[in-house]
Novice: 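Sending over a structure as structure tokens; questions will come in a sec.
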Number of protein chains: 2
Amino acid sequence: MKCDFSTHHRMSVATDVVVLTTDNKPLNNKRKVAEKGLQILLVKRDEEPYNGCWALPAGFVNFDEPLLECAKRKLREKVGLDDIYLEQLYSYGDDVNRDIRGRVISIGYIALAPKEKILLNSERASKEAEWFWIESSTSEWEVDMLSFISVLDSSLKITSLAFDHRMIIADALNRIKNKIMYTDVGFHLVNELFTVKELQTVYELMLGRQVQAFRRVLNDKIVETEHWTDGKAHRPARLFKQR
Amino acid sequence: MKCDFSTHHRMSVATDVVVLTTDNKPLNNKRKVAEKGLQILLVKRDEEPYNGCWALPAGFVNFDEPLLECAKRKLREKVGLDDIYLEQLYSYGDDVNRDIRGRVISIGYIALAPKEKILLNSERASKEAEWFWIESSTSEWEVDMLSFISVLDSSLKITSLAFDHRMIIADALNRIKNKIMYTDVGFHLVNELFTVKELQTVYELMLGRQVQAFRRVLNDKIVETEHWTDGKAHRPARLFKQR
DNA sequence: TTAGTTATTAACATATTGCAATTAAGTATA
DNA sequence: TATACTTAATTGCAATATGTTAATAACTAA
């Protein structure tokens with residue numbers, strides 16, 4: 001059977017971006033230590049379906065637009081982000097009814113950046129965009145175990161996200177978890193200059209476990225600089241950069 | 001700017017499948033040992049563009065068809081394969097002109113199977129499908145270094161493949177290479193019962209290097225059976241199965 | 001019987017990692 | 001100023017994993 005290149009098989013293609021970063025959690029009464037946590041950027045939808053629901057920054061790919069360019073554009077338009085690390089995650093299109101409006105194939109992307117870099121552009125961000133803490137009750141990033149808690153209002157806990165975005169987020173977290181020890185993706189979540197502790201925290205948050213002798217393990221991926229954290233507290237730490 | 005769900009952004013979506021297996025290479029005059037090699041299944045196109053060129057088994061996704069189902073269907077239709085391991089690879093759509101006919105997003109898939117399993121269905125295979133040896137002059141699967149040599153006619157060496165299929169193949173090989181030591185994908189390339197040597201060969205072909213003390217490394221992934229290779233040559237080898 | 005081939009295990013060196021202790025350099029406070 | 005406290009960074013040791021080589025086992029072929 002010849003395949004005719006007509007319109008009968010045309011469908012909509014969208015990109016969905018999982019924007020991840022880390023930040024200091026609010027100080028716990030019991031412990032004075034500034035614990036770090038994982039954050040994800042979500043936007044509140046203002047149209048059907050899922051109107052009012054929180055969702056990943058997403059949008060349709062224009063007919064003459066590269067996929068990656070669409071992901072970048074949506075980050076620019078919806079949350080004012082630019083020049084951020086992006087990698088393709090997975091394509092979602094096995095459930096033909098994943099979007100009630102019609103057949104939509106969605107290309108998932110992962111975006112990573114240190115919080116400082118993102119804050120620079122935050123004034124341009126949409127008012128409907130907000131950071132949420134990512135929590136998981138297991139060391140695995142399982143769909144059922146994921147929860148999202150508002151950074152601004154800890155009483156706001158999202159249990160349902162638009163479309164299949166919960167699954168996309170779980171896939172993104174597992175992707176990073178699986179490759180962080182074997183690749184250099186972790187460096188996208190710290191500044192150009194970073195302390196060993198900062199980088200270690202990123203790795204441990206993604207892995208959901210501690211990493212022993214981190215300095216030794218990462219030794220050939222990082223290089224000392226002559227800069228130090230300013231000594232406002234305790235012993236100053238040496239700043240490193242990626243080799 | 002609201003996104004209108006009309007037809008202006010609709011495009012064609014296709015699946016491209018990289019079918020990989022291993023087989024015995026023809027006996028070399030100098031060495032009697034039956035060396036193994038990697039093979040890929042390609043089909044000869046019978047329509048424009050790239051009419052007459054070799055290409056990956058591929059085709060357009062129907063409007064109401066899951067992506068994975070489309071990949072399965074194309075393997076059935078074009079090369080008579082069924083019940084074969086399939087995993088999604090990557091989606092190709094950054095070059096808006098990758099198909100001269102219009103905007104086409106292609107979802108790449110990887111299919112793996114031992115040659116014996118594939119041969120069972122070979123009678124149903126298209127006459128225009130053929131296995132090719134995959135060679136690389138480096139230990140990396142680089143696009144420039146890949147070459148494809150016909151299994152049936154060693155003088156037939158493909159230097160150009162249809163569309164961006166050469167890149168898709170390189171991506172597929174690197175994907176398997178990167179995950180074979182940390183996952184169980186390698187088992188899809190051997191039979192249910194296999195010798196240590198057979199599994200080791202699969203790993204070494206994908207990695208492009210030797211793996212020392214393979215039995216020890218894979219020890220917790222395999223389990224002994226009471227079956228042995230039939231003693232037609234030399235010492236019989238114990239057959240294992242996946243744990 | 002002996003040499004040749006493949007399979008399998010073992011022995012040893014080296015590399016990596018988990019774990020715990022130690023030293024270093026700052027702050028806070030009595 | 002002395003002491004306790006906090007964080008940073010290094011070191012030592014045990015346990016595990018891997019690279020390398022050798023030894024042993026089971027069969028074929030001459």
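To find a chain, count down the sequence lines: A is the first, B the second, and so on, and within it residues start at 1. What you see is a predicted model; the values in this text were computed from it and never measured.
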Novice: In whole Å, I'd like the distance from the CG atom of A:Leu218 to the P atom of C:dG18.
Specialist: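 One finds 12 Å between P of C:dG18 and CG of A:Leu218, rounded.
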Novice: Rounded to whole Å, please give me the gap between CH2 in B:Trp228 and P in D:dC27.
Specialist: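 Nearest whole value for this atom pair: 9 Å.
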Novice: B:Asp230 has an atom CG; how far is it from atom P of C:dA7, in whole Å?
Specialist: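 Result: 13 Å.
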Novice: Cationic tip of A:Lys115 within the cone over A:Trp131's six-membered ring, i.e. under 6.0 Å and within 45° of the normal?
Specialist: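 So A:Lys115 does make the cation-pi contact.
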Novice: So, do A:Thr201 and A:Val190 sit near enough that their side-chain heavy atoms are less than 4.5 Å apart?
Specialist: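 They are not in contact (no side-chain heavy atoms under 4.5 Å apart), so the answer is no.
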Novice: Is B:Glu204 salt-bridged to B:Lys36, cutoff N-O under 4.0 Å?
Specialist: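 Salt bridge: no.
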Novice: Got a donor-acceptor pair under 3.5 Å from the side chain of B:Arg235 to the base of C:dG4?
Specialist: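 No.
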Novice: Less than 4.5 Å apart, any side-chain heavy atom of B:Phe148 and any of B:Glu135?
Specialist: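 Result no, sub-4.5 Å side-chain heavy-atom pair not found.
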Novice: Enumerate the residues from residues 189-213 of chain B whose closest heavy atom to DNA chain D is under 4.0 Å, giving them by residue number; use none for an empty result.
Specialist: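 DNA chain D contact set from residues 189-213 of chain B: B:Gln212, B:Ala213.
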Novice: Side chain of B:Arg216, heavy atoms from C-beta onward: which of D:dA9, C:dG26, C:dA11 has the nearest atom to it?
Specialist: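 Within the option list, the nearest is C:dA11.
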Novice: Separation of A:His234 atom NE2 from C:dT27 atom C1', in whole Å?
Specialist: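 Answer to the nearest Å: 6 Å.
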Novice: Could you give the distance from NE2 (A:His188) to CG (A:Leu86), rounded to the nearest 0.5 Å?
Specialist: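 So the gap between those two atoms works out to 10.5 Å.
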Novice: Output the rounded distance in Å from CG (B:Asn219) to P (D:dT18).
Specialist: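 From B:Asn219 CG to D:dT18 P: 11 Å.
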Novice: When the distance from CD of A:Glu224 to P of D:dA9 is rounded to whole Å, what number comes out?
Specialist: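 Result: 9 Å.
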Novice: If the test is side chain to side chain donor-acceptor pair (under 3.5 Å), which one of A:Trp141, A:Tyr90, A:Tyr92 qualifies with A:Asp171?
Specialist: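 That would be A:Tyr92; it is the only one of A:Trp141, A:Tyr90, A:Tyr92 passing the side chain to side chain donor-acceptor pair (under 3.5 Å) with A:Asp171.
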Novice: Indicate, with a heavy-atom threshold strictly under 4.0 Å, whether B:Arg215 touches base, sugar-phosphate, or nothing.
Specialist: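 Sugar-phosphate, no base atom in range.
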